[in-house]
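The block underneath contains the structure these notes are about, expressed in structure tokens.
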Number of protein chains: 2
Amino acid sequence: MDELNVGLLLFIPYRAMEARVFAALADEGFDDFTPAQARVMQRIGPEGTRMTELAEAAQVTKQTASFLVDQLERSGYVTRTPDPSDARARLVRIADRGRAAQPVAAAAVAEVESEWRAHLGVRDWERLRGALSSLREITDPYR
Amino acid sequence: MDELNVGLLLFIPYRAMEARVFAALADEGFDDFTPAQARVMQRIGPEGTRMTELAEAAQVTKQTASFLVDQLERSGYVTRTPDPSDARARLVRIADRGRAAQPVAAAAVAEVESEWRAHLGVRDWERLRGALSSLREITDPYR
DNA sequence: TCAAGTTAGTTCGAGATGCTGACCATCGTC
DNA sequence: GACGATGGTCAGCATCTCGAACTAACTTGA
């Protein structure tokens with residue numbers, strides 16, 4: 001059955017990647033860390049990012065983003081700091097534990113990517129990355 | 001920022017596809033239908049599929065699959081019939097309402113795919129499909 | 001300059017999702 | 001026919017997500 005729709009074809013490897021990365025994180029002691037939290041955390045910029053921006057980027061409501069950031073903050077992955085330019089807003093920043101988790105996650109991603117690259121061949125792998133990046137232009141509402 | 005990891009690059013268009021398809025279904029009156037249900041329902045074969053197989057294919061526990069099939073059955077999308085070859089097992093089959101929903105979903109998928117094809121160009125689009133199908137060989141635990 | 005509308009973020013309550021554990025019925029095997 | 005394996009369900013709990021309603025701070029216009 002190769003007539004699976006592209007939605008499912010995208011979802012299957014996504015799911016596989018997620019499982020591998022979270023297994024690796026759990027192995028290294030980052031066992032209190034969920035996919036939902038990761039989807040928000042991945043969108044935090046180096047200078048910190050506002051709740052509202054985070055919510056838009058992750059495509060969840062402000063409430064959900066707030067809830068997930070609560071958890072991330074309690075676990076020490078991020079901190080909330082006041083935004084100097086707007087007293088209503090707060091900048092979410094990566095905290096020490098978050099910075100410690102990043103290389104673990106990055107290593108797991110790199111491992112999976114290299115397996116995929118080996119399976120597809122370098123040329124097709126680069127094309128896949130290129131096509132997905134291009135698709136992002138019309139499917140990522142955030143940018 | 002094009003250094004997004006491939007997991008996120010897969011997830012973003014997946015999410016976009018999902019949103020479009022569910023909006024189309026809701027427009028046509030299939031408003032009681034959730035992504036989780038769809039992930040199970042997509043794996044039902046033409047001759048019906050067992051709960052256990054469904055659970056494996058959708059990568060959820062038997063319990064979760066059972067729960068989702070309950071809902072699908074209550075909404076009239078599927079039926080459970082006895083498996084003639086094993087009295088313990090039950091075959092989940094697409095029911096009338098499920099069959100009615102399929103063309104609506106298929107049309108929405110086709111529309112999104114044609115937009116993506118137009119954005120990428122036919123050649124790259126076919127390569128993307130091919131790469132994703134190939135990736136499925138090593139990332140779909142079911143098959 | 002200050003009232004009115006907008007924007008950033010939170011709290012609350014509820015439904016959806018998905019897990020583990022415990023269980024029953026049936027199958028296959030020895 | 002007894003016993004372990006398999007197909008499936010029920011119960012209980014944690015997580016994810018949303019809509020509604022709210023507070024505080026910003027912006028705009030007369």
Side-chain angles (χ1 to χ4, degrees), chain A residues 11 15 18-19 22-23 25-26 30-44 48-75 77-93 142, chain B residues 11 14-15 18-19 22-23 25-26 30-44 48-75 77-93 141-142:
Chain A
F11 185 71
R15 195 63 186 273
E18 184 183 89
F22 280 85
L25 284 167
F30 301 105
D31 54 342
D32 55 343
F33 192 55
T34 68
Q37 291 169 13
R39 286 197 281 275
V40 165
M41 195 161 147
Q42 275 189 95
R43 300 295 196 136
I44 301 175
T49 303
R50 288 189 184 184
M51 291 296 322
T52 307
E53 279 180 85
L54 233 37
E56 259 180 63
Q59 293 185 67
V60 294
T61 57
K62 291 187 298 178
Q63 298 93 304
T64 298
S66 188
F67 172 79
L68 293 169
V69 168
D70 275 351
Q71 299 179 332
L72 286 167
E73 193 170 26
R74 236 177 294 120
S75 308
Y77 291 109
V78 307
T79 51
R80 271 188 254 237
T81 59
D83 182 336
S85 72
D86 188 335
R88 294 167 304 177
R90 309 171 74 175
L91 290 175
V92 180
R93 292 167 185 278
Y142 177 61
Chain B
F11 185 71
Y14 162 72
R15 195 64 186 272
E18 183 183 88
F22 280 85
L25 284 167
F30 302 104
D31 54 340
D32 55 343
F33 192 56
T34 68
Q37 291 169 12
R39 286 198 281 274
V40 166
M41 193 163 149
Q42 274 188 96
R43 300 295 195 135
I44 301 175
T49 303
R50 290 189 183 183
M51 292 294 324
T52 308
E53 280 181 85
L54 232 39
E56 258 180 63
Q59 295 185 64
V60 295
T61 58
K62 291 188 296 179
Q63 296 92 314
T64 298
S66 188
F67 174 78
L68 293 169
V69 169
D70 276 351
Q71 299 180 333
L72 286 167
E73 194 170 26
R74 236 176 295 123
S75 309
Y77 290 110
V78 306
T79 52
R80 270 187 256 236
T81 58
D83 182 337
S85 72
D86 189 333
R88 292 168 303 177
R90 309 171 76 175
L91 290 175
V92 180
R93 292 168 185 279
Y142 177 61

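A, B, ... follow the sequence lines: proteins, then strands. Residue 1 opens every chain.
Within residues 52-64 of chain B, the residues approached by DNA chain C to less than 4.0 Å at the level of any non-hydrogen atom are B:Val60, B:Thr61, B:Gln63, B:Thr64, in residue-number order. Near DNA chain C, meaning a heavy atom under 4.0 Å from it, residues 79-87 of chain B has B:Asp86, B:Ala87 in order of number.
Aromatic ring pairs are classed by plane angle as parallel below 30°, tilted from 30° to 60° and perpendicular above 60°; the pair A:Phe22 and A:Phe33 is parallel.
Between B:Ser66 and B:Arg90 the shortest side-chain heavy-atom distance does not fall below 4.5 Å. Here the side chains of B:Arg39 and B:Val60 are not in contact, with every heavy-atom distance at 4.5 Å or above. Side chains of A:Leu91 and A:Arg80 form no contact here, defined as non-hydrogen atoms less than 4.5 Å apart.
The CZ-P distance, from A:Arg39 to C:dT17, rounds to 14 Å in whole Å. Straight-line distance from the CD atom of A:Glu73 to the P atom of C:dT10: 9 Å, rounded to whole Å. Separating the CD atom of A:Gln37 from the P atom of D:dT17 is a distance of 10 Å, rounded to the nearest angstrom. One can place CZ of A:Phe67 at 13 Å from C1' of C:dG13, the figure rounded to the nearest angstrom. Separating the CD atom of A:Glu18 from the P atom of D:dC16 is a distance of 10 Å, rounded to the nearest angstrom.
Between A:Pro35 and A:Glu18, the shortest heavy-atom contact is CB-OE2, 3.5 Å. Shortest non-hydrogen contact noted between B:Leu54 and B:Val69 is CD2-CG2, 4.2 Å. Closest approach of B:Val40 and B:Ala58 over heavy atoms only: CG2-CB, 4.1 Å.
The listed nucleotides are D:dC26, C:dC27, D:dT15; the one nearest the side chain of B:Arg88 is C:dC27. Of the candidates C:dT11, C:dT17, C:dG9, the closest approach to any side-chain atom of A:Asp70 belongs to C:dT11. For A:Thr34, the side-chain atoms get nearest to D:dT15 when compared with the rest of D:dT9, D:dT15, C:dT10.
Within the 4.0 Å cut-off from OP1 or OP2 of C:dT10, at least one side-chain nitrogen or oxygen of A:Ser66 is found.
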Given B:Phe67 and B:Gln63, is the side-chain contact (heavy atoms from CB on, under 4.5 Å) satisfied, shown in steps?
CA-CA 6 Å; B:Phe67 174 78; B:Gln63 296 92 314; over 6 Å; no

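Comparing B:Arg90 and A:Leu68 by the nucleotide of DNA chain D that holds the closest heavy atom to each, the one mapping nearer the 5' end is B:Arg90.
Residue pairs meeting the side-chain hydrogen bond (donor to acceptor under 3.5 Å, both in side chains) criterion with at least one partner in residues 51-60 of chain B, sequence neighbours excluded, are B:Glu53-B:Tyr142.
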